[in-house]
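Below you'll find the structure, written out as structure tokens, and then a few comments.
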Amino acid sequence: MWFIFWLVGLLTGIAAVNVYKYIRAGCVQFKWFHWLLGIIWYLSGMFVIGFVTTSFAEGQPQAAGMATLIFGGIFLIVSVLLYRFVYPKRLNTNHAKEEATA
Amino acid sequence: MEEKDSRAGLSRREFFKAAGIAGLAAGVAGTGSLVKAVPAYASNDAASAILDFAITETDVPPYKKKPYEGAEKLARYHEANQAFNNRDLMMQEFGGKPWAVAQMPAVIKRARDKVPGFTLPDQVISSVTWTSYRGGGGALFSWEPLGVANLALLQELGKWQGSPDENNRIIKKVAYTFGAGAAGIAAVNEQWFYSHDSKGLPIIFSDAYDKPTITKDAKFIPKRMNRIIVLLVPMEGALAKYSPSALGAGSWGMGYSLMAEVASKMAEFIRGMGYNAIPMGNDTCLSVPVAIDAGLGEMGRHGLLINPELGSLLRIAKVLTDMPITPDKPIEFGAAEFCRTCMKCAKNCPSRSISMSKDPSYDTFCKSNNPGMKKWYVNTWSCLKFWVENGSSCGNCQIVCPYSKPKTWIHDVVKGISSKTTAFNSAFITLDDALGYGKTLEENDPRKWWSSKGRPERWPR
């Protein structure tokens with residue numbers, strides 16, 4: 001169990017440093033709702049991982065499976081929303097930057 | 001040579017270093033959230049921070065609050081009225097035989113037919129797990145000292161003179177050390193003591209005696225024995241999930257034996273400290289109301305105690321004493337309200353002995369019910385009749401209760417939310433079913449328990 005937490009922590013750290021790097025480099029500018037969506041995405045992802053691993057540890061594979069289906073579905077929807085909102089923003093920003101440089 | 005990312009201003013080494021530190025910090029924080037905090041309720045040092053948030057101390061015991069009513073009107077109960085001892089039930093349903101004797105044909109038939117969960121090894125587990133409780137004729141529950149405590153030392157030093165607060169702490173430390181899952185202390189309310197024991201002996205609180213005394217006419221408890229230590233003993237859910245089989249009943253037997261061990265050790269501890277002590281199992285007083293008085297939970301639809309940590313999967317032992325101990329306050333965490341919506345125990349009761357009405361009522365179901373209180377009465381006669389026909393006891397109501405879960409953050413979060421609002425109770429119950437919790441013998445095959453390799457499964461506690 002501790003390894004899962006450590007791994008999740010490590011990935012979170014890498015992601016956080018990456019976001020910081022891109023913001024600092026001016027590659028992307030987040031608005032408040034991007035942050036909100038990002039936080040919801042992160043928390044729902046953590047919830048799914050936590051629920052599934054805990055359910056297995058508890059000896060409840062059905063709970064783990066159903067949680068993947070229900071909460072994993074919610075996580076997937078939030079992920080799609082995040083992708084649709086944040087990714088084009090990043091592309092546009094890059095594109096604008098490239099145009100400005102040219 | 002270090003490759004530098006000009007945009008972020010971080011070298012690759014710096015990047016991985018930062019990520020590693022952040023990861024470690026997040027990992028430690030994540031693990032740290034699982035570490036037990038010190039809660040305020042009676043079961044101190046046993047609950048999580050989330051459960052601590054769920055629990056509210058109260059001056060009025062929950063059985064005196066809505067949806068219940070009229071607890072103060074209940075008369076002292078005669079132990080011989082209980083279904084297990086009731087002569088009317090015995091004559092009416094069991095041909096004049098004690099229920100355990102009447103049960104034997106079903107026990108033998110199912111063992112002979114090798115019905116999974118009722119085979120000879122299952123039946124033997126079911127009976128021998130009771131060894132500490134029943135062994136030696138219940139000797140561990142003696143009102144006399146067992147001669148284990150060092151009384152010579154006591155004579156030398158005199159009785160312990162700790163303050164009531166200090167004694168509260170000491171008793172709980174000792175209780176957990178002895179194997180209790182939770183412990184609390186209540187001031188004695190004579191209303192909850194049986195008027196007579198199962199053999200018809202009156203139980204009398206009296207100033208005429210310095211020590212607990214049993215004569216041929218009555219059982220006398222000195223009035224200064226005014227504190228009752230309530231000890232909750234966890235039952236093994238990984239075994240109880242085979243209820244209502246003999247294998248599942250092993251969980252009940254283990255619980256009873258642990259009750260005897262914890263209560264008798266506690267009584268000997270108190271005697272060794274220079275005070276009187278009476279260890280009790282299910283005898284001498286009603287267990288559920290004293291446990292509620294001691295801040296250990298609320299009463300559920302099934303008439304049993306629901307503890308925030310152990311749910312319904314527990315047994316209650318008690319020790320009466322004259323040691324000065326500060327009593328704990330009753331607690332509430334929304335369990336009775338949850339019961340109004342849930343009904344899982346009623347739906348999963350094979351004998352339909354648990355009320356399905358949304359709200360409690362004054363209606364009783366059998367002569368073993370103590371009338372006068374608005375609550376969910378349980379038909380203990382039809383319940384016991386099922387035990388006899390089934391060839392084993394049943395605890396479906398305890399294992400399917402949504403509060404009876406292994407100790408994990410998921411269940412603590414649900415308990416935390418349901419303690420503060422009833423808005424999500426229906427959703428939680430639907431999810432409880434969808435996620436496959438609270439399964440019984442119908443879905444769990446006892447043969448797997450016997451055939452699986454390695455140690456038997458245990459619930460995380």
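Nothing here was measured: the structure is a model prediction, and the numbers come from that model. Below, chain A is the first sequence line, B the second, and so on; all start at residue 1.
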Side chain to side chain contact (heavy atoms under 4.5 Å, CB included) between B/Leu435 and A/Phe51, intermediate numbers included = CA-CA 11 Å; B/Leu435 296 176; A/Phe51 203 115; 3.6 Å; yes

task = Examine whether an atom of A/Ile70 lies under 4.5 Å from a heavy atom of chain B, and if so say whether it belongs to the side chain, the backbone or both; otherwise answer neither.
result = side chain

query = Any idea which of A/Met66, A/Gln62, A/Gln60, A/Met46 has the most non-hydrogen atom pairs under 4.5 angstrom with chain B?
reply =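 So the answer, after comparing A/Met66, A/Gln62, A/Gln60, A/Met46, is A/Gln62.
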
query = Any idea which heavy atoms bring A/Gly50 and B/Trp409 closest together, and the distance?
reply = C-CZ2, 3.5 Å

Nearest non-hydrogen partners of B/Glu457 and A/Glu58, listed with the distance =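 Minimum heavy-atom separation between B/Glu457 and A/Glu58: OE2-O, 4.4 Å.
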
More than 12 non-hydrogen atoms from neighbouring residues, nucleotides or ligands closer than 6.0 Å to [atom1] on [X], yes or no?
X	atom1	value
A/Trp41	CH2	no
B/Lys448	NZ	no
B/Glu443	CD	yes

For chain A, which residues of residues 235-245 of chain B have heavy atoms nearer than 4.5 angstrom = none

